[in-house]
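Throughout, protein chains are lettered first and strands after them, A, B, ... in sequence-line order, and every chain is numbered starting at 1. Please read these numbers as outputs of a predicted model, since none were measured by experiment.
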There are 2 protein chains.
Amino acid sequence: MAKSVLGRGTARARVLEAALAKFAEHGVSGTTLQMIADSIGVGKASVYYQFRSKEDIVAAAAQPMFDDMARVVTIAEAISDPDARREVTISGFLEFSVRHRRLSAVLARDPALESLVQSREDLTEIVDRFTNLLIGDGTRPEGRILISFVTHGIYGSVTDKALEDVSDEELHRTLLAVAQQLTRKAPHFE
Amino acid sequence: MAKSVLGRGTARARVLEAALAKFAEHGVSGTTLQMIADSIGVGKASVYYQFRSKEDIVAAAAQPMFDDMARVVTIAEAISDPDARREVTISGFLEFSVRHRRLSAVLARDPALESLVQSREDLTEIVDRFTNLLIGDGTRPEGRILISFVTHGIYGSVTDKALEDVSDEELHRTLLAVAQQLTRKAPHFE
DNA sequence: GTCTATAAATTGATAGAC
DNA sequence: GTCTATCAATTTATAGAC
């Protein structure tokens with residue numbers, strides 16, 4: 001029996017699902033435990049039975065995204081050719097961004113996530129290695145701007161409410177084409 | 001004597017500047033009036049002497065961005081050719097995004113801003129007209145994805161801390177080239 | 001314009017019954 | 001696993017002195 005990452009159907013999973021929905025709508029700081037409890041029809045104390053603190057909920061909700069990021073990092077770092085390495089990194093980034101869509105991707109632009117990463121060594125390491133794969137050493141401003149543009153473009157698109165009707169497949173296909181057009185064989189990197 | 005939009009040097013302007021800095025760092029919901037007051041060395045009551053409420057501060061801080069957006073809308077709507085119209089819209093968007101940089105652009109991805117827009121007719125109208133200029137009618141999914149990608153790429157890049165050392169000029173020039181490469185003469189629109 | 005003091009509501013979090 | 005009740009701290013916001 002395959003168990004979901006979040007433990008599908010459990011009380012804990014219901015809290016995480018509700019929390020993610022609220023985080024996406026109001027941001028982490030704008031979401032109270034009361035909102036989360038209300039949206040699943042339980043009291044606040046019940047939420048605290050599943051998680052020690054609000055930060056714990058944020059961490060648990062974001063974990064799948066960091067797991068995916070770690071997988072991409074492991075795979076990409078094994079590639080020696082710089083261009084191929086960056087292409088695999090961006091492709092992997094796009095894949096897990098689409099996979100989580102409104103879930104983890106929204107958390108990526110929340111100030112609370114930055115605090116979380118800074119407070120945990122393991123997350124800091126993953127994010128740093130991931131950033132290094134994207135930017136690398138000695139990249140010129142043009143290349144750095146391009147990378148920033150592509151990653152933010154991907155994050156923004158997958159979480160865009162105006163694109164909710166677009167299927168994961170079409171979104172992935174279109175974004176991959178755009179990202180590759182911008183970064184493949186680009187003379188912006190040195 | 002030219003007066004700044006925010007009224008440079010006044011107590012009111014100091015509050016707005018401090019507020020924007022905190023909003024950028026912690027998000028609107030994550031910023032308290034205490035933080036704002038502390039960062040300019042005054043009491044909370046002094047902040048309330050300048051603004052009726054926290055929402056008022058958010059509105060005043062974001063106003064310059066909406067003013068610029070309104071200007072772009074007015075100019076672009078006067079253009080009859082659809083392709084030229086969209087190009088001018090994106091170019092104008094890029095210009096005021098870079099002009100405000102860490103200021104208004106950060107607010108653009110804060111959930112509190114969406115609430116503000118929804119609560120004020122005038123802002124809703126401007127944003128709707130701006131969105132229409134970008135997307136228009138009957139645009140295929142590919143085109144909508146591309147527009148989302150470009151706008152979010154621009155917003156993300158200008159607010160990226162890793163690009164703080166890049167000058168406004170270089171940022172503007174590079175992003176314009178990228179945006180035009182993606183949207184000019186594109187067969188994705190119909 | 002700024003301060004101190006305080007109100008009124010909400011927040012994250014805990015204790016203990018069922 | 002959920003509930004009621006509650007706490008301590010914080011938050012937005014106001015009143016009134018200087």
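Contact detail for B:Phe66 and B:Ile126: the closest heavy-atom pair is O-CG2, 4.2 Å. A pairwise comparison of heavy atoms in B:Ser167 and B:Arg101 identifies C-NH1, 4.1 Å as the closest pair. The two residues B:Arg144 and A:Ala162 come nearest to each other via the heavy atoms NH2-O, 2.9 Å. Residues A:Ala61 and A:Leu16 come closest through the heavy atom pair N-CD2, 3.8 Å.
Summarising the geometry, the separation between OH on B:Tyr48 and C1' on D:dG16 is reported as 17 Å, rounded to the nearest angstrom. We find that CZ of B:Arg12 is positioned 13 Å from P of C:dT2, with the value rounded to whole Å. Between the P atom of D:dT2 and the CZ atom of A:Phe51 lies a distance of 12 Å, rounded to the nearest Å. Between the NZ atom of B:Lys54 and the P atom of C:dA9 there is a distance of 19 Å, given to the nearest Å.
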Short heteroatom pairs, N/O only, protein and nucleotides 3-5 of chain C, under 3.5 Å:
{"from": "C:dC3", "atom 1": "OP2", "to": "B:Gly43", "atom 2": "N", "distance (Å)": "2.3"}
{"from": "C:dC3", "atom 1": "OP2", "to": "B:Ser46", "atom 2": "OG", "distance (Å)": "3.0"}

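Listed by residue number, the members of residues 30-38 of chain A with any heavy atom below 4.0 angstrom from DNA chain C are A:Thr31, A:Thr32, A:Leu33.
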The test is side-chain contact (heavy atoms from CB on, under 4.5 Å); show your working for A:Val47 and A:Ile57 and say whether it passes.
CA-CA 9 Å; A:Val47 175; A:Ile57 300 178; 3.8 Å; yes

Give the intermediate values and the outcome of ring-ring contact (aromatic ring centres under 6.0 Å, His included) for residues B:Phe93 and B:Phe96.
CA-CA 6 Å; B:Phe93 172 69; B:Phe96 72 70; 5.6 Å; yes

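Note on B:Arg14: a side-chain N or O is less than 4.0 Å away from OP1 or OP2 of C:dT2. Between B:Tyr49 and C:dT2 there is no side-chain polar atom (N or O) within less than 4.0 angstrom of OP1 or OP2.
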Could you list the donor-acceptor pairs under 3.5 angstrom formed by side chains in residues 33-41 of chain B, with sequence neighbours left out?
{"from": "B:Ser39", "atom 1": "OG", "to": "B:Ile36", "atom 2": "O", "distance (Å)": "3.0"}

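Summarising the local packing, CD of B:Gln181 is surrounded by more than 12 heavy atoms from other residues, nucleotides or ligands at distances under 6.0 Å.
Distance from the side chain of B:Gln50 is smallest for C:dG1 among the nucleotides C:dA13, D:dG1, C:dG1.
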